[in-house]
Protein chains: 2
Amino acid sequence: MTTPATHTPRGPTTRNDVARYAGVSTAVVSYVVNGGPKKVAPATEAKVQDAIRVLGYRPNAAARALKLGSSETIGLVIPDNSNPFFSLLAHAVEDAAAERGYALVLTNSDGNLAKERRSVRNLAARQVDGVLLASVLFDPDLEDLEKANIPWVLLNQDHKIAGVNGVGVDLAAGAQAAVQHLIGHGHTSIGLVMGTNVGNDVDDRELGWLRALEEAGLAEGPIARSSFTRSGGYEAGKRLLAAATRPTAIFASSDMQAVGILRALHEAGVAVPGDIALASFDGSAESEYTWPALTTVEQPVREMAEAAVEGILKARRKGEPQQRIFPTTLRVRQSCGCPGVFA
Amino acid sequence: MTTPATHTPRGPTTRNDVARYAGVSTAVVSYVVNGGPKKVAPATEAKVQDAIRVLGYRPNAAARALKLGSSETIGLVIPDNSNPFFSLLAHAVEDAAAERGYALVLTNSDGNLAKERRSVRNLAARQVDGVLLASVLFDPDLEDLEKANIPWVLLNQDHKIAGVNGVGVDLAAGAQAAVQHLIGHGHTSIGLVMGTNVGNDVDDRELGWLRALEEAGLAEGPIARSSFTRSGGYEAGKRLLAAATRPTAIFASSDMQAVGILRALHEAGVAVPGDIALASFDGSAESEYTWPALTTVEQPVREMAEAAVEGILKARRKGEPQQRIFPTTLRVRQSCGCPGVFA
DNA sequence: ATGAAAGCGCTAACAT
DNA sequence: ATGTTAGCGCTTTCAT
């Protein structure tokens with residue numbers, strides 16, 4: 001008696017096998033598995049549950065998706081999952097999605113527009129129920145998604161665009177607060193290390209930096225543009241150091257860049273914050289452990305992720321396009337010149 | 001003439017719509033879309049391609065998955081995508097999967113066994129074609145996967161276990177090399193900061209540390225155990241600093257821990273590598289930008305990801321279980337005491 | 001070279 | 001309360 005006698009289905013157990021084993025119809029199995037839409041007698045339900053357990057039945061998600069037109073899956077397209085900001089965002093999105101019963105399909109565009117488009121198309125073909133897109137572009141092409149009638153939400157969407165679902169952060173206000181803080185420390189020459197965006201759009205962090213300077217009646221400090229990476233920051237930092245008018249403070253558009261700047265400053269024997277103070281943007285975990293610890297503008301990543309996933313669900317229910325711009329929080333640590341435990 | 005006259009299907013375009021529009025059978029559309037298994041006359045093919053373009057047809061992946069019994073999707077379960085090591089791994093896995101036409105479903109277990117099991121079950125139910133699992137456990141329960149007949153590969157699988165598909169790295173050899181290097185700098189008291197594993201299994205990095213010490217005839221240095229995080233390293237670093245016999249060098253089981261240790265040392269005014277030298281494990285991008293830059297044992301993450309994805313595909317083709325243990329590379333930078341650009 | 005048709009596993013409207 | 005059954009969109013064997 002090595003085999004359960006009655007039948008040994010070749011493939012994995014199906015709903016049909018369960019029905020046969022429990023001596024009921026397939027509909028009843030469905031009702032039990034899904035808890036509806038019809039009621040089932042307790043005794044019958046027990047029989048079915050039993051059959052399910054004995055047979056080790058697992059519903060086939062593909063069949064369900066085909067029937068229902070929904071895969072309970074959302075797609076996420078980010079430039080680079082090894083960038084701490086995006087990896088945290090991806091984690092938060094996965095949590096938010098899982099909480100609602102959705103799985104997350106992750107794709108990296110590597111800052112490459114062609115790859116981004118390919119990812120989006122691919123996700124659309126896979127019948128995901130929504131796409132979260134952190135585009136390399138300011139104003140990405142969403143035609144594929146629109147055609148396929150797949151809801152989407154733009155991440156990192158910091159400008160308001162009419163008719164666009166987006167979540168983002170108030171870049172300008174955040175940057176402005178950081179620079180104001182630097183100004184509060186008495187700095188009058190504040191440089192900017194700014195990341196470069198694919199579309200050459202002006203980043204609102206630059207605006208915030210400018211505004212704070214203007215507001216305080218200060219001259220525009222030197223600017224170094226580079227990629228949003230550690231090595232980009234490193235290069236930019238060296239350039240700023242070599243500039244004719246070396247600033248006494250620097251605002252960096254990302255924590256990763258600040259980490260690179262820090263290295264450039266250390267290598268040059270420049271004391272931070274003594275000789276040059278530093279503040280940056282993102283609020284990554286890494287920023288808390290640099291030396292000195294970075295004063296940084298923190299983005300509410302978890303809230304943004306929740307809002308993004310909710311945005312997809314709302315869009316599926318035919319809600320109006322929504323934009324959520326979140327406020328940031330200035331995390332004051334030591335790189336700005338504030339006395340820490342060890343100033 | 002606002003509507004294409006003939007028909008306005010309610011839902012998205014199906015293969016049927018295409019067939020009708022092109023005046024062919026649905027089979028032909030299939031042949032064209034999939035490039036087989038039958039040949040199609042060039043003229044017919046053109047008609048079909050045309051219909052596809054005009055109608056904006058996209059194949060329904062769910063239907064295809066149902067029919068073929070494969071979703072062209074693989075699942076990845078990692079403890080924490082915001083941990084730099086795993087985020088890099090996830091990125092590499094996504095690349096490897098995408099290259100082969102597979103999408104990646106990402107889930108985080110948050111170091112929580114219950115969540116890990118839930119993830120695995122969920123992936124199994126979703127008919128993924130394989131699961132890549134970086135378990136919190138040494139010897140995880142793979143019953144769900146086995147029952148569902150879903151191939152799996154264990155990541156971070158550093159021991160050989162019979163009949164188990166796994167890829168990993170030679171932890172002991174890597175750790176040993178790092179400690180040997182520290183010994184080469186003349187250190188005789190080398191502490192260990194070791195992460196704690198859920199199952200309380202002895203980590204081979206500890207073994208490697210021990211071996212190097214024994215081999216050199218040195219006494220066992222002090223050990224501080226903590227979580228595999230920056231804050232874990234920070235706490236452990238402080239403990240080692242307070243120990244009766246303060247070591248002159250420390251080997252840390254992860255870069256993140258080393259980052260925390262670095263902070264503890266800086267705060268205590270201990271010079272690195274002058275007073276205490278440091279080496280760690282992983283080879284993360286962050287390790288290159290700490291101050292001083294970390295000497296670290298680099299894992300070949302991309303190769304491991306490739307091997308893992310290949311392992312899934314091989315298992316689908318009914319290959320024998322395989323284990324690939326990769327060698328590591330010692331990246332010598334400044335934290336160990338080697339003269340850098342700025343020693 | 002092309003087409004007809006069976007059926008993948010599931011859901012739910014419509015019987016009974 | 002339970003059963004019957006028609007598809008969801010696709011692939012592919014077996015005709016023609």
Side-chain angles (χ1 to χ4, degrees), chain A residues 7 9-49 51-52 55-72 124-129 148-149, chain B residues 7 9-49 51-52 55-72 124-129 148-149:
Chain A
H7 59 281
R10 26 177 159 195
T13 313
T14 76
R15 179 220 48 185
N16 227 302
D17 302 322
V18 175
R20 201 173 318 141
Y21 187 99
V24 300
S25 80
T26 62
V28 171
V29 178
S30 231
Y31 302 151
V32 169
V33 169
N34 303 328
K38 293 283 175 59
K39 277 265 161 217
V40 172
T44 318
E45 156 136 27
K47 273 195 301 184
V48 173
Q49 293 289 15
I52 289 176
L55 265 29
Y57 168 69
R58 311 219 141 279
N60 181 320
R64 198 184 147 89
L66 174 58
K67 182 70 186 174
L68 263 26
S70 154
S71 54
E72 312 266 83
R126 282 172 187 276
Q127 262 62 46
V128 297
D129 295 324
N149 199 27
Chain B
H7 60 281
R10 24 174 159 203
T13 313
T14 75
R15 180 219 46 184
N16 226 302
D17 303 323
V18 175
R20 202 173 317 141
Y21 187 99
V24 300
S25 78
T26 61
V28 171
V29 177
S30 232
Y31 302 153
V32 169
V33 169
N34 303 328
K38 293 281 175 61
K39 277 266 164 216
V40 173
T44 318
E45 157 135 27
K47 273 196 298 182
V48 173
Q49 292 289 16
I52 289 177
L55 265 29
Y57 169 69
R58 311 218 142 281
N60 181 320
R64 196 185 149 90
L66 174 58
K67 183 70 185 173
L68 262 27
S70 153
S71 54
E72 311 266 83
R126 283 172 185 277
Q127 261 64 45
V128 297
D129 294 325
N149 200 25

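Below, read A as the first sequence line, B as the second, and so on, with proteins coming before strands; counting in each chain starts at 1.
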Sugar-phosphate only, base, or nothing, as touched by A:Ser30 at under 4.0 Å among non-hydrogen atoms: base
For atom CG of B:Asn34 and atom P of D:dT12, their distance in whole Å: 7 Å
Donor on one side chain, acceptor on other, B:Ser70 and B:Asp129, under 3.5 Å: yes
Sugar-phosphate only, base, or nothing, as touched by A:Ala27 at under 4.0 Å among non-hydrogen atoms: base
Sugar-phosphate, base or nothing in reach of A:Val33, heavy atoms under 4.0 Å: nothing
Between C1' of C:dC8 and CZ of A:Arg58, the distance in whole Å: 20 Å
Sugar-phosphate, base or nothing in reach of A:Val24, heavy atoms under 4.0 Å: sugar-phosphate
Side-chain-base donor-acceptor pair under 3.5 Å for B:Arg64 and D:dT11: no
B:Ala63 or B:Pro42, whichever maps to the more 5' nucleotide of DNA chain C: B:Pro42
5' priority, DNA chain D, between A:Ala41 and A:Thr26 [closest heavy atom]: A:Ala41
Quiz item: A:Tyr57 side-chain donor-acceptor pair to C:dG9 base, under 3.5 Å: no
Residue closer to the 5' end of DNA chain C, A:Leu66 versus B:Glu45 (nearest nucleotide): B:Glu45
hbond_proxy A:Lys67 side chain to C:dG9 base (donor-acceptor, 3.5 Å cutoff): no
Side-chain N or O of B:Thr14 closer than 4.0 Å to phosphate OP1/OP2 of D:dG9: no
